[in-house]
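What follows is a single structure, written as structure tokens, with notes after it.
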Amino acid sequence: MKKYLSILFIIGLLVFTGCESTKSSSLTKDISSKIEIEDEGAKLECVTDYDYEDLGYVIGSKYVVWADKDNKVTKVSSIEIIESNDSTKLDEFEEYLKTNHTTAQSYGGYTYNLNRENNRVTSEVTIDYSEFDTTKFAEDNKDVGKDETTLTLDSIEAKYVSLGAECKRK
């Protein structure tokens, strides 16, 4: 899960790694408010919007989290939209997301759909923690501690907030 959360952070880093500035006034603001995810029974919803219009793109995300009665996370669904009028930037984001989502699928319970239409790349991800092998994930990712193999509602909310998300309990 930390690797998935790191995707959002790394996308932010891409901003500062040599991307040329491309002004565009036609990019959508506040993308997260337009994202809809079925959230019946969910316990937490988090949204992020990053306006890098001066660099030629904007990013909006919505994360919906379900948890059991003990607040152990059971499922996370997310949609992330990257919008740009620069096809080269969209190519880079699309390739990066394909690589990371493909790797995450090897742990089970991880489904994703990556779609590119017009000037947008949309990533839809669902992680079912009843099937996701968190122990193997922790073994393969040394930055994830063994104590992080069980996500709680509090811990996932703290991670999203640390990445700049605004969260609300449902």
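All heavy atoms count here, side chains included; hydrogens, waters and symmetry mates do not.
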Any donor and acceptor pair, going by atom type alone, linking the side chain of Thr102 with main-chain N or O of Lys98 inside 3.5 Å?
-> yes
Main-chain N/O of Glu40 paired with Glu38 side-chain donor or acceptor, under 3.5 Å | yes
Distance (rounded to the nearest 0.5 Å) between Arg120 CZ and Asn115 CG | 11.0 Å
Does Thr48 reach the side chain of Glu80, with side-chain heavy atoms less than 4.5 Å apart?
-> no
Would you indicate whether the side-chain heavy atoms of Thr122 and Ile79 approach each other to under 4.5 Å?
-> yes
Please tabulate, for the side chains in residues 162-170, all donor-acceptor contacts under 3.5 angstrom to protein atoms that are two or more places apart in sequence or on a different chain.
unit_1, atom_1, unit_2, atom_2, d
Ser162, OG, Lys159, O, 2.7
Arg169, NE, Glu157, OE1, 2.9
Arg169, NH2, Asp154, OD1, 2.5
Arg169, NH2, Glu157, OE1, 2.7
Lys170, NZ, Asp39, OD2, 2.8

If you round to the nearest 0.5 Å, how far is CD1 of Ile82 from OG of Ser123?
-> 7.5 Å
How about Val121 and Leu114: do any of their side-chain heavy atoms sit closer than 4.5 Å?
-> yes
Check for a donor-acceptor pair, side chain of Trp66 on one end and backbone N or O of Leu44 on the other, with a separation under 3.5 Å.
-> no
Can you spot which of Val65, Val73, Asn71 makes a side chain to side chain contact (heavy atoms under 4.5 Å, CB included) with Leu151?
-> Val73
N/O donor-acceptor pair under 3.5 Å between Asn100 side chain and Tyr96 backbone = yes
Output yes when Arg116 and Asp91 qualify as a salt bridge under the 4.0 Å nitrogen-oxygen rule, no when they do not.
-> yes
Donor + acceptor pair across side chains of Asp128, Tyr110 (<3.5 Å) | no
Does a sphere of radius 6.0 Å around NZ in Lys72 hold more than 12 heavy atoms from other residues, nucleotides or ligands, not counting ones at 6.0 Å or beyond?
-> no
Rounded to the nearest 0.5 Å, what's the gap from OG on Ser106 to CZ on Phe132? Could you check?
-> 7.5 Å
Heavy-atom nearest pair, Ala42 first then Val64, reads CB-CG1, 3.3 Å
Report yes or no: does Asp68 contribute a side-chain atom to a donor-acceptor pair with the main-chain N or O of Asp70 at less than 3.5 Å?
-> yes
So NZ of Lys62 and CD of Glu124: to nearest 0.5 Å the spacing works out to 12.5 Å
Name the orientation class of the two ring planes belonging to Phe93 and Tyr57 (parallel below 30°, tilted from 30 to 60°, perpendicular beyond 60°).
-> perpendicular
Please report the C-alpha distance between Tyr50 and Val58 in whole Å, then the side-chain angles of each, then the deciding distance to 0.1 Å, and finally whether the side chain to side chain contact (heavy atoms under 4.5 Å, CB included) criterion is met.
-> CA-CA 6 Å; Tyr50 299 103; Val58 294; over 6 Å; no
Under 30°, 30 to 60°, or over 60°: which ring-plane class applies to Tyr160 and Tyr63, parallel, tilted or perpendicular?
-> parallel
Do Asp49 and Ser32 get their side chains close enough for a donor-acceptor pair, meaning under 3.5 Å?
-> yes
Indicate whether any N or O donor in one side chain lies under 3.5 Å from an N or O acceptor in the other, for Ser26 and Asn85.
-> yes
Indicate if Val161 and Leu153 have the same hydrophobic cluster label, given that clusters are the connected sets of ILVMFWY residues with side-chain heavy-atom separations under 4.5 angstrom.
-> no
Taking C-beta and beyond as the side chain, do Ile156 and Val76 meet within less than 4.5 Å on heavy atoms?
-> yes
So, Glu83 and Thr28: side-chain donor and acceptor under 3.5 Å apart, yes or no?
-> yes
Roughly how far, to the nearest 0.5 Å, is the OG1 atom of Thr74 from the NZ atom of Lys69?
-> 12.5 Å
So Ser33 and Asp30, side-chain hydrogen bond (donor to acceptor under 3.5 Å, both in side chains) or not? Walk me through it.
-> CA-CA 6 Å; Ser33 68; Asp30 193 27; 3.0 Å; yes
Compare all side-chain heavy atoms of Ile127 with those of Lys75 and state whether any distance is below 4.5 angstrom.
-> no
Flag, side chain of Thr126 to backbone of Ser77, donor-acceptor distance under 3.5 Å = no
Answer yes or no: is there a side-chain heavy-atom contact under 4.5 Å between Tyr112 and Val125?
-> yes
